[in-house]
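Heads up, the thing below is written out as C-alpha coordinates.
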Amino acid sequence: MEKSPGRLGVDMTRGAILPQIVRFALPLLAGNIFQQLYNTTDCLIVGRFLGRDALAAVGSTGQLVFGVIGFFNGLATGAQVIISQSFGSKDKAALKSAIHTAVLFSVFISVFLSIFGILISGFMLRLIHVPPAVLELASSYLRIFFAGIAFLVLYNIGSGILRALGDSRHPLYFLVFSSIVNIILDLIFVIVLKLGIRGAAFATVISELVSIIPVFFVLLTAEEDVRIRLKDLRISVSFLAKVVKIGLPGAITSSLIAFSNTFMQRYVNSFGEACIAGFAVFSRFDNFMIMPMISISFSVTTFVSQNFGANELCRVRRGVRISLLLDICLIGAISSLSFAFARLFTMLFISDAESVRYGSLFIRFATPFYVLCATTMLYSQALHGLGESIIPTAITFGGFVILRQTYLFVSTHLSGRFTFVALAYPIVWIFTALVMVLYYRRTLERHRRGQPVCKSVD
(Lines give C-alpha, C1' and ligand atoms only; values in the text may rest on other atoms or scores of the structure.)
Protein backbone atom coordinates (compact mmCIF):
# COMPACT_ATOMS: atom_id res chain seq x y z
CA MET A 1 0.00 0.00 0.00
CA GLU A 2 1.70 3.15 -1.16
CA LYS A 3 1.30 6.71 -0.06
CA SER A 4 0.29 9.22 -2.66
CA PRO A 5 1.94 12.62 -2.87
CA GLY A 6 -0.63 13.83 -0.30
CA ARG A 7 0.03 12.45 3.17
CA LEU A 8 -3.64 11.59 3.72
CA GLY A 9 -3.97 9.53 0.53
CA VAL A 10 -3.22 5.82 0.11
CA ASP A 11 -2.83 4.33 -3.37
CA MET A 12 -4.66 0.98 -3.58
CA THR A 13 -4.02 0.40 -7.29
CA ARG A 14 -0.85 -1.63 -6.72
CA GLY A 15 0.56 -4.11 -4.23
CA ALA A 16 -0.83 -7.19 -2.45
CA ILE A 17 -4.60 -7.01 -2.18
CA LEU A 18 -5.44 -8.83 1.07
CA PRO A 19 -3.15 -6.72 3.28
CA GLN A 20 -4.60 -3.57 1.72
CA ILE A 21 -8.18 -4.64 2.39
CA VAL A 22 -7.38 -5.73 5.95
CA ARG A 23 -5.33 -2.65 6.82
CA PHE A 24 -8.06 -0.39 5.49
CA ALA A 25 -10.92 -2.38 7.09
CA LEU A 26 -9.48 -2.73 10.59
CA PRO A 27 -9.62 0.97 11.47
CA LEU A 28 -13.10 1.09 9.95
CA LEU A 29 -14.15 -1.86 12.09
CA ALA A 30 -12.73 -0.30 15.23
CA GLY A 31 -14.43 2.96 14.29
CA ASN A 32 -17.75 1.20 13.74
CA ILE A 33 -17.44 -0.45 17.15
CA PHE A 34 -17.05 2.92 18.78
CA GLN A 35 -19.85 4.32 16.60
CA GLN A 36 -22.16 1.68 18.01
CA LEU A 37 -21.14 2.69 21.52
CA TYR A 38 -23.28 5.77 20.93
CA ASN A 39 -26.44 3.68 20.58
CA THR A 40 -25.43 0.77 22.77
CA THR A 41 -24.47 2.95 25.71
CA ASP A 42 -27.81 4.71 25.41
CA CYS A 43 -29.62 1.38 25.47
CA LEU A 44 -27.58 -0.10 28.32
CA ILE A 45 -28.02 2.92 30.56
CA VAL A 46 -31.62 3.57 29.55
CA GLY A 47 -32.60 -0.09 29.94
CA ARG A 48 -30.88 -0.55 33.29
CA PHE A 49 -31.68 2.79 34.92
CA LEU A 50 -34.90 3.98 33.27
CA GLY A 51 -36.69 0.67 32.66
CA ARG A 52 -38.43 -1.30 29.92
CA ASP A 53 -40.66 1.49 28.59
CA ALA A 54 -37.71 3.86 28.14
CA LEU A 55 -35.73 1.15 26.34
CA ALA A 56 -38.73 0.46 24.11
CA ALA A 57 -38.92 4.20 23.35
CA VAL A 58 -35.30 4.34 22.20
CA GLY A 59 -35.83 1.17 20.17
CA SER A 60 -38.92 2.60 18.49
CA THR A 61 -36.90 5.56 17.16
CA GLY A 62 -34.06 3.55 15.63
CA GLN A 63 -35.40 3.02 12.12
CA LEU A 64 -36.75 6.56 11.84
CA VAL A 65 -33.29 7.90 12.65
CA PHE A 66 -31.68 5.52 10.17
CA GLY A 67 -34.19 6.51 7.50
CA VAL A 68 -33.25 10.17 7.63
CA ILE A 69 -29.52 9.59 8.14
CA GLY A 70 -29.51 6.86 5.49
CA PHE A 71 -30.71 9.34 2.90
CA PHE A 72 -27.68 11.55 3.43
CA ASN A 73 -25.29 8.61 3.70
CA GLY A 74 -26.47 7.38 0.29
CA LEU A 75 -25.57 10.74 -1.22
CA ALA A 76 -22.30 10.72 0.70
CA THR A 77 -21.47 7.33 -0.84
CA GLY A 78 -21.87 8.86 -4.29
CA ALA A 79 -19.49 11.66 -3.32
CA GLN A 80 -17.00 9.18 -1.89
CA VAL A 81 -16.98 7.12 -5.10
CA ILE A 82 -16.28 10.18 -7.27
CA ILE A 83 -13.54 11.39 -4.91
CA SER A 84 -11.92 7.94 -4.90
CA GLN A 85 -12.06 7.71 -8.69
CA SER A 86 -10.53 11.19 -9.04
CA PHE A 87 -7.81 10.21 -6.60
CA GLY A 88 -7.14 6.95 -8.45
CA SER A 89 -6.91 8.72 -11.82
CA LYS A 90 -4.60 11.44 -10.33
CA ASP A 91 -6.98 14.20 -11.50
CA LYS A 92 -6.10 16.94 -8.99
CA ALA A 93 -8.57 19.53 -10.31
CA ALA A 94 -11.48 17.12 -10.16
CA LEU A 95 -10.41 15.96 -6.71
CA LYS A 96 -10.35 19.51 -5.33
CA SER A 97 -13.74 20.37 -6.84
CA ALA A 98 -15.29 17.14 -5.55
CA ILE A 99 -14.11 17.66 -1.97
CA HIS A 100 -15.29 21.27 -1.69
CA THR A 101 -18.65 20.56 -3.30
CA ALA A 102 -19.24 17.62 -0.97
CA VAL A 103 -18.61 19.72 2.14
CA LEU A 104 -20.80 22.66 1.12
CA PHE A 105 -23.61 20.40 -0.06
CA SER A 106 -23.58 18.58 3.28
CA VAL A 107 -24.22 21.87 5.08
CA PHE A 108 -27.33 22.52 2.99
CA ILE A 109 -28.64 18.97 3.27
CA SER A 110 -28.18 18.89 7.06
CA VAL A 111 -30.58 21.81 7.47
CA PHE A 112 -33.16 19.99 5.35
CA LEU A 113 -32.74 16.73 7.29
CA SER A 114 -33.11 18.47 10.64
CA ILE A 115 -36.37 20.19 9.69
CA PHE A 116 -37.73 17.12 7.92
CA GLY A 117 -36.88 14.79 10.80
CA ILE A 118 -38.54 16.99 13.41
CA LEU A 119 -41.69 17.40 11.29
CA ILE A 120 -42.27 13.71 10.51
CA SER A 121 -41.16 12.08 13.77
CA GLY A 122 -44.44 12.39 15.70
CA PHE A 123 -46.52 11.36 12.71
CA MET A 124 -44.36 8.29 12.02
CA LEU A 125 -44.40 7.16 15.66
CA ARG A 126 -48.20 7.27 15.66
CA LEU A 127 -48.36 5.57 12.26
CA ILE A 128 -46.48 2.51 13.52
CA HIS A 129 -48.71 2.31 16.60
CA VAL A 130 -46.11 3.03 19.26
CA PRO A 131 -47.88 2.26 22.57
CA PRO A 132 -49.07 5.28 24.59
CA ALA A 133 -46.71 4.44 27.45
CA VAL A 134 -43.77 4.81 25.06
CA LEU A 135 -44.94 7.52 22.63
CA GLU A 136 -44.07 10.69 24.56
CA LEU A 137 -40.64 9.35 25.56
CA ALA A 138 -39.83 8.44 21.95
CA SER A 139 -41.02 11.81 20.65
CA SER A 140 -38.84 13.68 23.13
CA TYR A 141 -35.78 11.64 22.16
CA LEU A 142 -36.32 12.20 18.43
CA ARG A 143 -36.86 15.96 18.66
CA ILE A 144 -33.53 16.46 20.43
CA PHE A 145 -31.69 14.09 18.10
CA PHE A 146 -32.89 15.77 14.91
CA ALA A 147 -32.21 19.25 16.28
CA GLY A 148 -28.51 18.37 16.36
CA ILE A 149 -28.33 16.19 13.26
CA ALA A 150 -26.07 18.66 11.41
CA PHE A 151 -23.14 17.59 13.59
CA LEU A 152 -23.56 13.95 12.56
CA VAL A 153 -23.91 14.88 8.88
CA LEU A 154 -20.74 16.99 8.89
CA TYR A 155 -18.78 14.29 10.68
CA ASN A 156 -19.93 11.66 8.19
CA ILE A 157 -18.98 13.69 5.12
CA GLY A 158 -15.60 14.66 6.60
CA SER A 159 -14.80 11.06 7.50
CA GLY A 160 -16.10 9.91 4.12
CA ILE A 161 -13.66 12.23 2.35
CA LEU A 162 -10.77 10.84 4.38
CA ARG A 163 -11.82 7.25 3.64
CA ALA A 164 -12.20 8.03 -0.07
CA LEU A 165 -8.54 9.09 -0.02
CA GLY A 166 -7.58 5.77 1.58
CA ASP A 167 -7.25 7.13 5.14
CA SER A 168 -9.31 5.11 7.61
CA ARG A 169 -7.08 5.79 10.64
CA HIS A 170 -7.92 9.43 11.38
CA PRO A 171 -11.71 8.87 11.48
CA LEU A 172 -11.08 6.06 13.96
CA TYR A 173 -9.09 8.28 16.33
CA PHE A 174 -11.73 10.99 16.25
CA LEU A 175 -14.57 8.54 16.78
CA VAL A 176 -12.87 6.92 19.79
CA PHE A 177 -12.58 10.32 21.41
CA SER A 178 -16.19 11.33 20.77
CA SER A 179 -17.50 7.92 21.90
CA ILE A 180 -15.72 8.30 25.23
CA VAL A 181 -17.30 11.74 25.57
CA ASN A 182 -20.71 10.21 24.82
CA ILE A 183 -20.34 7.54 27.50
CA ILE A 184 -19.29 10.07 30.12
CA LEU A 185 -22.15 12.42 29.24
CA ASP A 186 -24.66 9.54 29.27
CA LEU A 187 -23.64 8.67 32.80
CA ILE A 188 -23.77 12.29 33.95
CA PHE A 189 -27.04 13.30 32.26
CA VAL A 190 -29.04 10.12 32.96
CA ILE A 191 -27.71 8.89 36.31
CA VAL A 192 -26.36 12.00 38.05
CA LEU A 193 -28.57 14.81 36.70
CA LYS A 194 -31.66 12.57 36.31
CA LEU A 195 -32.59 14.00 32.89
CA GLY A 196 -34.15 10.72 31.79
CA ILE A 197 -34.35 9.81 28.11
CA ARG A 198 -33.69 13.44 27.16
CA GLY A 199 -30.31 13.16 28.83
CA ALA A 200 -29.36 10.24 26.55
CA ALA A 201 -30.35 12.31 23.51
CA PHE A 202 -28.38 15.36 24.69
CA ALA A 203 -25.32 13.19 25.28
CA THR A 204 -25.48 11.88 21.71
CA VAL A 205 -25.83 15.32 20.13
CA ILE A 206 -23.00 16.89 22.14
CA SER A 207 -20.62 14.02 21.41
CA GLU A 208 -21.39 14.36 17.69
CA LEU A 209 -20.48 18.04 17.91
CA VAL A 210 -17.17 17.08 19.49
CA SER A 211 -16.42 14.60 16.69
CA ILE A 212 -16.49 17.14 13.82
CA ILE A 213 -13.79 19.40 15.29
CA PRO A 214 -10.76 17.13 14.72
CA VAL A 215 -12.07 15.85 11.37
CA PHE A 216 -12.16 19.30 9.84
CA PHE A 217 -8.94 20.34 11.52
CA VAL A 218 -7.20 17.60 9.53
CA LEU A 219 -8.93 18.56 6.29
CA LEU A 220 -8.25 22.27 6.77
CA THR A 221 -4.53 21.67 7.39
CA ALA A 222 -3.90 18.85 4.87
CA GLU A 223 -1.62 18.97 1.83
CA GLU A 224 -2.53 21.23 -1.07
CA ASP A 225 -4.21 18.58 -3.23
CA VAL A 226 -6.80 17.62 -0.62
CA ARG A 227 -6.95 20.67 1.67
CA ILE A 228 -10.29 22.34 2.28
CA ARG A 229 -10.17 26.11 1.86
CA LEU A 230 -13.18 28.15 2.94
CA LYS A 231 -12.80 30.49 -0.05
CA ASP A 232 -12.98 27.50 -2.42
CA LEU A 233 -16.27 26.18 -1.05
CA ARG A 234 -18.65 26.20 -3.96
CA ILE A 235 -21.02 23.81 -5.68
CA SER A 236 -19.74 22.21 -8.89
CA VAL A 237 -22.85 21.41 -10.91
CA SER A 238 -21.09 18.67 -12.89
CA PHE A 239 -19.79 16.98 -9.74
CA LEU A 240 -23.14 17.28 -8.00
CA ALA A 241 -24.84 15.72 -11.02
CA LYS A 242 -22.50 12.74 -10.78
CA VAL A 243 -23.12 12.46 -7.04
CA VAL A 244 -26.87 12.49 -7.61
CA LYS A 245 -26.59 9.91 -10.38
CA ILE A 246 -24.56 7.52 -8.22
CA GLY A 247 -25.78 8.39 -4.75
CA LEU A 248 -29.46 9.37 -5.03
CA PRO A 249 -30.80 5.89 -5.83
CA GLY A 250 -28.96 4.52 -2.80
CA ALA A 251 -30.09 7.47 -0.68
CA ILE A 252 -33.73 6.90 -1.55
CA THR A 253 -33.42 3.16 -1.05
CA SER A 254 -31.68 3.52 2.33
CA SER A 255 -34.53 5.70 3.52
CA LEU A 256 -37.18 3.40 2.10
CA ILE A 257 -35.52 0.37 3.68
CA ALA A 258 -35.49 2.14 7.04
CA PHE A 259 -39.12 3.12 6.68
CA SER A 260 -39.87 -0.46 5.63
CA ASN A 261 -38.17 -1.60 8.83
CA THR A 262 -40.22 1.01 10.67
CA PHE A 263 -43.35 -0.70 9.43
CA MET A 264 -41.86 -3.99 10.56
CA GLN A 265 -41.69 -2.27 13.95
CA ARG A 266 -45.46 -1.92 13.64
CA TYR A 267 -45.80 -5.70 13.49
CA VAL A 268 -43.42 -6.04 16.44
CA ASN A 269 -45.45 -3.50 18.41
CA SER A 270 -48.52 -5.70 18.15
CA PHE A 271 -46.87 -8.18 20.55
CA GLY A 272 -46.56 -5.59 23.35
CA GLU A 273 -43.88 -3.71 25.28
CA ALA A 274 -41.82 -6.79 26.11
CA CYS A 275 -41.44 -7.67 22.42
CA ILE A 276 -40.61 -4.04 21.58
CA ALA A 277 -37.85 -4.03 24.21
CA GLY A 278 -36.55 -7.40 22.95
CA PHE A 279 -36.52 -6.12 19.39
CA ALA A 280 -34.65 -3.02 20.55
CA VAL A 281 -31.92 -5.28 21.93
CA PHE A 282 -31.89 -7.29 18.70
CA SER A 283 -31.51 -4.05 16.73
CA ARG A 284 -28.38 -3.23 18.73
CA PHE A 285 -27.13 -6.76 18.16
CA ASP A 286 -27.86 -6.40 14.43
CA ASN A 287 -25.85 -3.18 14.38
CA PHE A 288 -22.87 -4.99 15.86
CA MET A 289 -23.23 -7.88 13.43
CA ILE A 290 -23.14 -5.67 10.37
CA MET A 291 -20.08 -3.72 11.56
CA PRO A 292 -17.54 -6.11 10.03
CA MET A 293 -19.68 -6.28 6.88
CA ILE A 294 -19.72 -2.49 6.60
CA SER A 295 -16.00 -2.25 7.28
CA ILE A 296 -15.06 -4.75 4.57
CA SER A 297 -17.66 -3.40 2.13
CA PHE A 298 -16.49 0.20 2.52
CA SER A 299 -12.93 -0.99 1.98
CA VAL A 300 -14.11 -2.61 -1.23
CA THR A 301 -15.82 0.62 -2.33
CA THR A 302 -12.57 2.56 -2.05
CA PHE A 303 -10.51 -0.30 -3.50
CA VAL A 304 -12.83 -0.83 -6.48
CA SER A 305 -13.25 2.92 -7.11
CA GLN A 306 -9.52 3.57 -7.21
CA ASN A 307 -8.74 0.55 -9.38
CA PHE A 308 -11.66 1.22 -11.71
CA GLY A 309 -10.42 4.78 -12.08
CA ALA A 310 -6.97 3.38 -12.90
CA ASN A 311 -8.52 0.82 -15.34
CA GLU A 312 -7.25 -2.11 -13.24
CA LEU A 313 -10.26 -4.41 -13.66
CA CYS A 314 -8.35 -7.61 -12.92
CA ARG A 315 -7.48 -6.22 -9.49
CA VAL A 316 -11.14 -5.31 -9.03
CA ARG A 317 -12.22 -8.90 -9.60
CA ARG A 318 -9.55 -10.39 -7.34
CA GLY A 319 -10.16 -7.82 -4.61
CA VAL A 320 -13.88 -8.57 -4.46
CA ARG A 321 -13.26 -12.33 -4.31
CA ILE A 322 -10.73 -11.99 -1.53
CA SER A 323 -13.07 -9.71 0.40
CA LEU A 324 -15.94 -12.18 0.06
CA LEU A 325 -13.84 -14.99 1.53
CA LEU A 326 -12.84 -12.70 4.37
CA ASP A 327 -16.50 -11.86 5.00
CA ILE A 328 -17.58 -15.51 5.00
CA CYS A 329 -14.93 -16.59 7.49
CA LEU A 330 -15.44 -13.67 9.84
CA ILE A 331 -19.25 -13.47 9.80
CA GLY A 332 -19.59 -17.26 10.00
CA ALA A 333 -17.47 -17.40 13.16
CA ILE A 334 -19.26 -14.48 14.82
CA SER A 335 -22.69 -15.88 13.93
CA SER A 336 -21.90 -19.22 15.58
CA LEU A 337 -20.90 -17.55 18.83
CA SER A 338 -23.87 -15.19 18.73
CA PHE A 339 -26.35 -18.04 18.32
CA ALA A 340 -24.90 -19.80 21.36
CA PHE A 341 -24.85 -16.72 23.61
CA ALA A 342 -28.00 -14.94 22.42
CA ARG A 343 -29.71 -15.04 25.80
CA LEU A 344 -26.65 -13.77 27.65
CA PHE A 345 -26.30 -10.84 25.23
CA THR A 346 -29.95 -9.87 25.70
CA MET A 347 -29.65 -9.99 29.49
CA LEU A 348 -26.93 -7.34 29.36
CA PHE A 349 -29.58 -4.81 28.37
CA ILE A 350 -32.73 -5.84 30.19
CA SER A 351 -33.64 -8.08 33.13
CA ASP A 352 -37.31 -8.53 32.28
CA ALA A 353 -37.71 -12.25 31.52
CA GLU A 354 -40.25 -11.86 28.72
CA SER A 355 -38.15 -9.20 26.97
CA VAL A 356 -35.09 -11.45 27.23
CA ARG A 357 -37.03 -14.31 25.63
CA TYR A 358 -38.13 -12.18 22.67
CA GLY A 359 -34.65 -10.69 22.18
CA SER A 360 -33.02 -14.12 22.18
CA LEU A 361 -35.48 -15.47 19.64
CA PHE A 362 -34.91 -12.56 17.26
CA ILE A 363 -31.13 -13.13 17.43
CA ARG A 364 -31.32 -16.91 16.92
CA PHE A 365 -33.65 -16.63 13.93
CA ALA A 366 -31.30 -14.19 12.18
CA THR A 367 -27.76 -15.40 12.90
CA PRO A 368 -27.64 -18.40 10.48
CA PHE A 369 -28.31 -16.02 7.56
CA TYR A 370 -25.94 -13.11 8.24
CA VAL A 371 -23.42 -14.43 5.70
CA LEU A 372 -26.00 -13.75 2.99
CA CYS A 373 -26.52 -10.21 4.30
CA ALA A 374 -22.74 -9.70 4.13
CA THR A 375 -22.68 -10.98 0.54
CA THR A 376 -25.42 -8.56 -0.50
CA MET A 377 -23.64 -5.61 1.10
CA LEU A 378 -20.24 -6.48 -0.36
CA TYR A 379 -21.38 -6.83 -3.96
CA SER A 380 -23.62 -3.77 -3.73
CA GLN A 381 -20.66 -1.65 -2.59
CA ALA A 382 -18.44 -3.15 -5.29
CA LEU A 383 -21.02 -2.14 -7.89
CA HIS A 384 -21.09 1.39 -6.48
CA GLY A 385 -17.32 1.47 -6.84
CA LEU A 386 -17.81 0.65 -10.51
CA GLY A 387 -20.17 3.61 -10.83
CA GLU A 388 -23.29 1.42 -10.90
CA SER A 389 -26.10 2.55 -8.63
CA ILE A 390 -29.54 2.21 -10.22
CA ILE A 391 -29.74 -1.58 -10.60
CA PRO A 392 -28.11 -2.43 -7.23
CA THR A 393 -30.51 0.03 -5.66
CA ALA A 394 -33.45 -1.59 -7.44
CA ILE A 395 -32.35 -5.03 -6.23
CA THR A 396 -32.02 -3.82 -2.66
CA PHE A 397 -35.35 -2.00 -2.84
CA GLY A 398 -37.07 -5.05 -4.30
CA GLY A 399 -35.81 -7.29 -1.51
CA PHE A 400 -35.68 -5.09 1.55
CA VAL A 401 -38.85 -3.11 0.88
CA ILE A 402 -41.25 -4.80 -1.53
CA LEU A 403 -40.50 -8.44 -0.71
CA ARG A 404 -40.23 -7.84 3.05
CA GLN A 405 -43.48 -5.87 3.30
CA THR A 406 -45.31 -8.35 1.09
CA TYR A 407 -44.03 -11.23 3.18
CA LEU A 408 -45.02 -9.55 6.47
CA PHE A 409 -48.48 -8.65 5.20
CA VAL A 410 -49.26 -12.11 3.83
CA SER A 411 -47.68 -14.15 6.62
CA THR A 412 -49.23 -12.19 9.48
CA HIS A 413 -52.67 -12.33 7.87
CA LEU A 414 -52.38 -16.08 7.40
CA SER A 415 -50.97 -16.56 10.87
CA GLY A 416 -50.34 -14.12 13.71
CA ARG A 417 -47.40 -16.11 15.04
CA PHE A 418 -44.25 -14.35 16.20
CA THR A 419 -42.07 -16.75 14.17
CA PHE A 420 -43.16 -15.24 10.87
CA VAL A 421 -42.22 -11.72 11.98
CA ALA A 422 -38.82 -12.90 13.26
CA LEU A 423 -38.04 -14.47 9.87
CA ALA A 424 -38.69 -11.25 7.92
CA TYR A 425 -35.00 -10.29 7.84
CA PRO A 426 -33.52 -13.66 6.74
CA ILE A 427 -36.08 -14.21 3.99
CA VAL A 428 -35.04 -11.11 2.05
CA TRP A 429 -31.31 -11.74 2.51
CA ILE A 430 -31.60 -14.96 0.51
CA PHE A 431 -33.22 -13.18 -2.44
CA THR A 432 -31.02 -10.08 -2.53
CA ALA A 433 -27.73 -11.98 -2.18
CA LEU A 434 -28.47 -14.21 -5.17
CA VAL A 435 -29.63 -11.43 -7.48
CA MET A 436 -26.85 -9.01 -6.45
CA VAL A 437 -24.09 -11.54 -7.16
CA LEU A 438 -25.50 -12.36 -10.59
CA TYR A 439 -25.75 -8.69 -11.56
CA TYR A 440 -22.22 -7.93 -10.32
CA ARG A 441 -20.76 -10.74 -12.45
CA ARG A 442 -22.63 -9.49 -15.50
CA THR A 443 -21.49 -5.90 -14.93
CA LEU A 444 -17.84 -6.81 -14.42
CA GLU A 445 -17.80 -8.90 -17.59
CA ARG A 446 -19.31 -5.98 -19.51
CA HIS A 447 -16.54 -3.64 -18.33
CA ARG A 448 -13.84 -6.25 -19.04
CA ARG A 449 -14.71 -6.79 -22.72
CA GLY A 450 -11.58 -6.18 -24.74
CA GLN A 451 -9.38 -6.33 -21.62
CA PRO A 452 -6.60 -8.90 -21.20
CA VAL A 453 -7.58 -12.15 -19.49
CA CYS A 454 -6.92 -11.89 -15.74
CA LYS A 455 -4.36 -14.19 -14.18
CA SER A 456 -5.51 -16.44 -11.37
CA VAL A 457 -3.05 -14.96 -8.90
CA ASP A 458 -2.15 -11.41 -8.05
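Throughout, numbering of the chain's residues begins at 1 and tracks the sequence.
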Seminar exercise, completed: Looking only at heavy atoms, the pair that brings Ala342 and Thr346 closest together is O-OG1, 2.9 Å
For this session: For Thr432, enumerate each residue passing the side chain to side chain contact (heavy atoms under 4.5 Å, CB included) test, keeping only those at least two apart in sequence or located in another chain.
Result: Thr376, Phe400
Seminar exercise, completed: With sequence neighbours left out, the residues meeting side chain to side chain contact (heavy atoms under 4.5 Å, CB included) with Ala382 are Val300, Val304, Val320, Tyr440
Exercise. Given the rule in the side chain to side chain contact (heavy atoms under 4.5 Å, CB included) test, do Phe285 and Phe288 qualify, once you have shown the distances and angles that lead to the verdict?
Worked result: CA-CA 5 Å; Phe285 167 81; Phe288 276 108; 5.6 Å; no
Problem set entry | Parallel, tilted or perpendicular: rings of Phe145 and Tyr141 (30°, 60°) | parallel
Seminar exercise, completed: Tightest non-hydrogen contact, residues Phe369 and Pro426, listed as CD1-CB, 3.4 Å
Exercise. Roughly how far, to the nearest 0.5 Å, is OG of Ser323 from CD of Gln381?
Worked result: 11.5 Å
Exercise. Can you tell me how far CD1 of Ile149 sits from OG1 of Thr204, rounded to the nearest 0.5 angstrom?
Worked result: 12.0 Å
Exercise. Under 30°, 30 to 60°, or over 60°: which ring-plane class applies to Tyr407 and Phe420, parallel, tilted or perpendicular?
Worked result: tilted
Distance-only donor-acceptor hits, side chain of residues 101-112, under 3.5 Å, sequence neighbours excluded:
from: Thr101; atom 1: OG1; to: Ser97; atom 2: O; distance (Å): 2.8
from: Thr101; atom 1: OG1; to: Arg234; atom 2: O; distance (Å): 3.2
from: Thr101; atom 1: OG1; to: Ser236; atom 2: N; distance (Å): 3.0
from: Ser106; atom 1: OG; to: Val103; atom 2: O; distance (Å): 2.5
from: Ser110; atom 1: OG; to: Ser106; atom 2: O; distance (Å): 3.3
from: Ser110; atom 1: OG; to: Val107; atom 2: O; distance (Å): 2.7

Problem set entry | Closest non-hydrogen atom pair between Ser207 and Asn182, with its separation | OG-OD1, 3.3 Å
For this session: Could you pull out the closest heavy-atom pair between Tyr267 and Leu408, with the gap in Å?
Result: CE1-CB, 3.7 Å
Exercise. Can you name the side chain to side chain contact (heavy atoms under 4.5 Å, CB included) partners of Ile206, sequence neighbours left out?
Worked result: Leu185, Phe189
Exercise. Just by modelled atom types, is the Thr367 backbone N or O under 3.5 Å from a matching donor or acceptor in the Ser335 side chain?
Worked result: yes
List the atom pairs, with distances to 0.1 Å, where a side-chain N or O of residues 159-166 and a protein N or O form a donor-acceptor pair under 3.5 Å, not counting sequence neighbours.
from: Ser159; atom 1: OG; to: Tyr155; atom 2: O; distance (Å): 3.1
from: Ser159; atom 1: OG; to: Tyr155; atom 2: OH; distance (Å): 3.3

For this session: Only pairs at least two apart or in different chains count here, so list each salt bridge (Lys or Arg N to Asp or Glu O under 4.0 Å) that has a residue in residues 364-389.
Result: Glu388-Arg446
Exercise. Between atom OG1 of Thr301 and atom CG of Leu383, what is the distance when rounded to the nearest 0.5 Å?
Worked result: 10.0 Å
For this session: Starting at CG of Leu219, measure out to CZ of Arg229 and round the result to the nearest 0.5 Å.
Result: 13.0 Å
Seminar exercise, completed: CD1 of Ile212 to CD1 of Ile157, rounded to nearest 0.5 Å, is 13.0 Å
